[in-house]
Amino acid sequence: MTAHPVPSEFETRTNATYDALMWALSRPGLIRALPGQGPAQIVEALIDRECAVHCADTDLAALVARTGAAPVAPEAADHLFVSALSPDLPGRLALGSDLHPEHGATLVAPATLGQGARLRLSGPGVDGTLEVAVGEVPDGFWTGRDRVLRYPLGFELFLVDGDRVLGLPRSTRVEVL
Amino acid sequence: MTLQSLTRAWEPMSYGFLDASAKREIRRKMLKAIAVPGCQVPYASREVPMARGWGTGGLQISCTLINPRTRIKVIDQGADDSVNAASIRKFLARVSGAPTTNDALEADLIQSRHRVPEEVLREDQVLVLQVPNPEPLRPVQPNMSIARQMHADADYGRMWLQLYEQIVRSGRVMQGASYPSLVNGRFVMTPSPIPRWDVPKLHMARHLTILSAGREKRLHVVPPFTRVEPLVFDDVPYRVEDHGGLTCQRSGARGYFMNEIPQDDGSSIHEVSDSDLGVKTIRRREGEAVAIGATWYENGEMTS
């Protein structure tokens with residue numbers, strides 16, 4: 001009988017967080033459960049000293065700093081943790097290049113999931129179309145996103161509401177109803 | 001800030017073999033690959049205790065996703081019991097304590113070398129394919145920098161020319177495995193050397209497919225409900241292997257992808273390539289109550 005390693009609490013948490021993020025992005029519009037509350041767990045699962053991060057919230061910025069990630073302006077960040085979305089934000093994000101679309105940014109923002117403006121999603125990962133309600137996103141953000149996205153260039157968006165997350169990859173088309 | 005806060009408790013080895021920073025890097029790259037289906041995303045491809053080219057790419061994805069509740073199945077050319085599959089399964093179980101299975105219906109995570117199971121995968125399952133050569137343009141453009149520019153320009157004319165030349169020379173497309181396919185209408189990818197038979201299984205599938213090349217240090221993804229269209233000319237339809245009329249000599253299964261086994265007298269017999277489907281068919285024939293899921297193909301015809 002060989003003993004196998006037991007996952008630490010950190011490993012268990014980050015594994016579960018990534019699982020939620022992966023399925024949230026694979027099936028846009030389907031809300032997934034995170035193991036804990038808020039964006040801090042996403043920092044733990046994804047961010048280390050190889051990243052350039054923009055973080056608006058000071059408490060979260062302290063956590064990001066401990067990972068060794070470089071604090072940068074939104075334009076230079078590969079991961080952004082904002083406290084509110086704004087209509088001009090999509091125009092300031094890194095969108096990647098034609099040679100390397102994967103250099104587009106990942107944006108994590110708070111939102112109210114399940115109530116608010118109704119969105120119709122379509123694209124890879126969506127079986128036909130899907131309607132989802134998202135609140136706390138300002139008017140103009142979705143048109144701003146629409147304006148800058150030129151597939152395969154773009155950015156990924158995770159909307160976090162407590163312990164729930166909704167993923168919107170650049171490949172998803174969003175219609176405001 | 002104290003020294004204690006900067007360190008972690010000592011562990012004899014990392015859970016799932018890969019250390020936390022390797023996992024974070026693979027996670028970040030996997031998210032980008034999901035967002036741009038079919039696009040080859042470079043990643044660091046750490047060392048694992050296996051030679052590159054023997055499934056290290058798939059192994060790193062499995063090690064990142066695995067947790068003690070993940071039920072794993074490992075396939076090598078359809079078989080669960082070949083050396084490569086058995087070794088990878090044993091390794092994954094040993095470094096994670098995760099349960100293993102041979103049954104595609106029970107598995108949460110399926111790592112596969114060059115086959116997709118015959119039973120339809122569900123929307124909570126992840127298929128990890130090992131990829132020897134992730135670059136579909138390599139036969140027509142050996143310079144990978146130029147190939148990347150061709151992907152950026154969606155410049156796939158030479159792929160069509162290659163297929164055209166095969167038709168002119170041989171009367172049909174000679175590409176047996178890794179048939180180049182257009183993903184989400186934008187990127188041409190190689191689906192790894194799965195037979196033509198398996199490519200339609202990726203089109204608008206319910207499961208998540210992650211293709212990872214450890215030696216070449218790139219991964220790409222086919223998310224659920226994503227178009228995967230083999231490159232074909234309008235007047236030369238895509239054809240899968242003509243195995244619909246073959247019967248497995250051991251199990252009696254019929255209408256699935258078969259392995260041809262040459263005999264001494266020059267003839268050949270066939271065995272079903274998906275070994276677990278064969279095992280289940282035999283057990284059912286012997287009167288056991290065995291659940292066989294819906295299959296992608298019925299009598300050699302794709303159902304959908």
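Each chain gets a letter, A, B and so on, in the order the sequences are listed, and its residues count up from 1.
- When the candidates Leu46(A), Leu25(A), Val126(A) are compared by the number of heavy-atom contacts under 4.5 Å with chain B, Leu46(A) comes out ahead.
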>> I'd like to know whether Glu123(B) forms a salt bridge (charged side-chain N to carboxylate O under 4.0 Å, His left out) with Arg27(A), so could you lay out the CA-CA distance, the side-chain angles of the two residues, the decisive distance to 0.1 Å, and finally the verdict.
In response: CA-CA 10 Å; Glu123(B) 58 186 324; Arg27(A) 300 296 308 275; 2.6 Å; yes

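- For the side chain to side chain contact (heavy atoms under 4.5 Å, CB included) with Arg24(B), the lone residue among Asp48(A), Ile47(A), Thr67(A) that qualifies is Asp48(A).
- No more than 12 heavy atoms of other residues, nucleotides or ligands shown are found within 6.0 angstrom of CE on Met144(B).
- With chain A as partner, the option from Val41(B), Leu65(B), Asp153(B) having the largest number of non-hydrogen pairs under 4.5 angstrom is Leu65(B).
- Residues Leu89(A) and Val82(A) have side chains in contact (heavy-atom distance under 4.5 Å, counting atoms from C-beta outward).
- Heavy atoms closer than 4.5 Å to chain A are found in the side chain of Pro223(B), but not in its backbone.
- For His220(B) and Phe187(B), the gap between ring centers reaches or exceeds 6.0 Å.
- Counting heavy-atom pairs closer than 4.5 Å to chain B, the top residue among Pro169(A), Pro124(A), Gly154(A) is Pro124(A).
- No other option in Pro101(A), Ala45(A), Gly123(A) has as many heavy-atom pairs under 4.5 Å with chain B as Ala45(A).
- If you measure heavy-atom distances from Arg186(B) to chain A, the contacts under 4.5 Å come from the side chain alone.
- Under the 3.5 Å distance criterion, with hydrogens and angles disregarded, no donor-acceptor pair is assigned to the side chains of Gln130(B) and Ser112(B).
- Salt-bridge formation is detected for the pair Glu50(A)/Arg28(B): a Lys NZ or Arg NE/NH1/NH2 atom is positioned less than 4.0 Å from an Asp or Glu carboxylate oxygen.
- Contact annotation: the side chain of Leu18(B) approaches that of Ile26(B) to within less than 4.5 Å [non-hydrogen atoms, C-beta and beyond].
- The pair Glu25(B)-Arg46(B) meets the salt-bridge criterion, since a charged nitrogen lies less than 4.0 angstrom from a carboxylate oxygen.
- Interface residue Thr14(A): backbone and side-chain heavy atoms are both found under 4.5 Å from chain B.
- When heavy atoms are compared at a cutoff of 4.5 Å, Arg66(A) approaches chain B solely by way of its side chain, counted from C-beta outward.
- Applying the side-chain hydrogen bond (donor to acceptor under 3.5 Å, both in side chains) test to residues at least two apart or on different chains, the pairs with a partner in residues 168-177 of chain A are Glu156(A)-Arg170(A).
- Residue with the most contacts toward chain A among Pro68(B), Pro42(B), Gly97(B), Ala35(B): Ala35(B) (heavy-atom pairs, distance under 4.5 Å).
- No part of Ala62(A) comes within reach of chain B, as not one of its non-hydrogen atoms sits under 4.5 angstrom from that chain.
- Within the 4.5 angstrom heavy-atom criterion, no atom of His103(A) approaches chain B.
- Counted within 6.0 Å of CZ on Arg138(B), heavy atoms from surrounding residues, nucleotides or ligands total more than 12; the atom is thus considered enclosed.
- Within residues 91-100 of chain A, the residues approaching chain B closer than 4.5 Å by heavy atoms are, in numerical order, Asp98(A), Leu99(A), His100(A).
- Heavy atoms closer than 4.5 Å to chain B are found nowhere in Asp19(A), neither backbone nor side chain.
- In this structure, chain B has no heavy atom under 4.5 Å from any part of Leu168(A).
- For the salt bridge (Lys or Arg N to Asp or Glu O under 4.0 Å) test with Glu135(B), the passing option among Arg215(B), Arg148(B), Arg218(B) is Arg218(B); the others fail.
- Neither the backbone nor the side chain of Arg227(B) has a heavy atom closer than 4.5 Å to any heavy atom of chain A.
- Counted by atom type alone, Thr295(B) and Glu119(B) present zero donor-acceptor pairs between their side chains at under 3.5 Å.
- Using a 4.5 Å cut-off between heavy atoms, Phe155(A) makes no contact with chain B at all.
- Ranked by non-hydrogen atom pairs under 4.5 Å with chain A, the options Glu11(B), Arg206(B), Lys23(B) are led by Lys23(B).
- Contacts with chain A were tallied for Asn184(B), Val126(B), Asn67(B); Asn184(B) has the most, counting heavy-atom pairs under 4.5 Å.
- Between Leu85(A) atom CG and Leu107(A) atom CG the span is 6.0 Å, to the nearest 0.5 Å.
- Among Leu31(B), Thr226(B), Ile66(B), the residue making the largest number of heavy-atom pairs under 4.5 Å with chain A is Leu31(B).
- Using modelled atom types, one finds a donor on one side chain and an acceptor on the other under 3.5 Å when comparing Tyr43(B) with Ser212(B).
- For Thr64(B), the part lying under 4.5 angstrom from a heavy atom of chain A is the backbone only.
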